[in-house]
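Reviewing the structure listed below.
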Amino acid sequence: MMWGNWTIVSEFVLVSFSALSSELQALLFLLFLIIYLVTLMGNLLIILVTTADSALQSPMYFFLRNLSFLEIGFNLVIVPKMLGTLIIQNTTISFLGCATQMYFFFFFGAAECCLLATMAYDRYVAICDPLRYPVLMGRSACAQLAAASWFSGFPVATVQTTWIFSFPFCGPNRVNHFFCDSPPVIALVCADTSLFELEALTATVLFILFPFLMILGSYVRILSTIFRMPSAEGKRKAFSTCSSHLLVVSLFYSTAILTYFRPRSSTSPENKKLLSLSYTVVTPMLNPIIYSLRNSEVKAALRRVTHRTLGPQKL
């Protein structure tokens, strides 16, 4: 295509779930709205409880609080626009709006991968090297690890987003997704993207696969240590501190790896949307539920905070 024939793209159209009937889209709107509100309230509750209760000031809950902040940000980037495409059929998004959404999607996604790896390291030190835990996971060390996890999102988001939106877009402008993810947007570029795709694969390995392998290695050592414990009660307590995190990691990484490590031709766009819904909408809602229902300390803290807030006569 000649330069003179290119059409400048000033906005994109999110295909979202437009293939579905209006009645089904309305049902999806109600479902995703409920999930969105539960996600916000659940993660805000985790932040409130882990901040207000003195018994939840250990590194594990410090990192959990950071995870809840990330989940809220992740949700705010994706869900409000998706709800708009479902209820008022507002499927257009400006060029700048698409770039902004993609930037923060990369930022929160990369930061969450690194934070989950940090949380696995925290559990590894607590169970495999408990005598050195107060030294290795002191307040300063935890703050540095959390800051490093958050900062990791900046380079990948900046490089990926800047590179993608420096390419020429010469029409069509229909993004076959419910948000501006990299693969469906890069499919609209009318230039050679092979070098970018190589860089994107490298970034995916560094920020998804490498943290996952670190988590996997940590839990191999953790499980090996737990199985060598002589006390059944010690085994139960050790495993209970890890089970919630392990479940969250499994939910997040299983869908992320299926989305970004499968060959492009092996998955239909509709299946990719379903996989994306799992880690962008469903998992952020499940995280506070998992950590509150499976963790006796969080449940006890919830009761204490409620008791102080409402008073014993109202319980």
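Under the 4.5 Å side-chain heavy-atom criterion for Ile, Leu, Val, Met, Phe, Trp and Tyr, F207 and L70 are members of distinct hydrophobic clusters. Both L37 and L30 are members of a single hydrophobic cluster when ILVMFWY side chains are connected at heavy-atom separations under 4.5 Å. The hydrophobic clustering, which links ILVMFWY residues whose side-chain heavy atoms are closer than 4.5 Å, places V13 and L86 apart.
In this model, no donor atom of one side chain and acceptor atom of the other lie less than 3.5 Å apart for S21 and Q25. A side-chain N or O of K273 and one of N176 form a donor-acceptor pair less than 3.5 Å apart. With no hydrogens or angles considered, no side-chain donor-acceptor pair links Y103 and T162 at under 3.5 Å. No side-chain N or O of D129 forms a donor-acceptor pair with one of Y124 less than 3.5 Å apart. Judged purely by distance below 3.5 Å, without hydrogens or angles, the side chains of S224 and R228 pair a donor atom with an acceptor atom.
With a 4.5 Å cut-off between side-chain heavy atoms of Ile, Leu, Val, Met, Phe, Trp and Tyr, the cluster of V15 takes in none.
Aromatic ring pairs are classed by plane angle as parallel below 30°, tilted from 30° to 60° and perpendicular above 60°; the pair Y253 and F212 is tilted. A perpendicular orientation is assigned to the rings of F108 and F74, their planes being inclined by more than 60° (bins at 30° and 60°).
A heavy-atom distance below 4.5 Å is found between the side chains of C113 and F252. Side chains of F178 and I78 form a contact here, defined as non-hydrogen atoms less than 4.5 Å apart.
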- Task: Run the numbers on F169 and F12 for ring pair (Phe, Tyr, Trp, His ring centres under 6.0 Å), then give the verdict.
- Result: CA-CA 10 Å; F169 293 89; F12 295 97; 5.3 Å; yes
- Could you walk me through whether H245 and F63 pass ring pair (Phe, Tyr, Trp, His ring centres under 6.0 Å), step by step? CA-CA 11 Å; H245 179 253; F63 293 127; 9.8 Å; no
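Remark: the backbone N or O of W163 is paired with a side-chain donor or acceptor of S166 at under 3.5 angstrom. The backbone N or O of S18 lies less than 3.5 Å from no partner atom in the side chain of S16, so there is not a single donor-acceptor pair. A distance-only check finds a donor-acceptor pair linking the side chain of N66 to the backbone of F62 [under 3.5 Å]. E11 places no side-chain N or O within donor-acceptor distance of the main-chain N or O of N173, the cut-off being under 3.5 Å. Under the 3.5 Å distance criterion, the side-chain polar atoms of N43 are matched with a main-chain donor or acceptor of P284.
Counting only residues at least two apart or in different chains, salt bridge (Lys or Arg N to Asp or Glu O under 4.0 Å) contacts with residues 52-79 comprise D53-R304.
Rounding to the nearest 0.5 Å gives a distance of 4.5 Å between SG of C242 and OH of Y219. Separation of atoms CZ (F196) and OG (S194) is listed at 11.5 Å; rounding is to 0.5 Å. Interatomic distance, I93 CD1 to K81 NZ, rounded to the nearest 0.5 Å: 5.5 Å.
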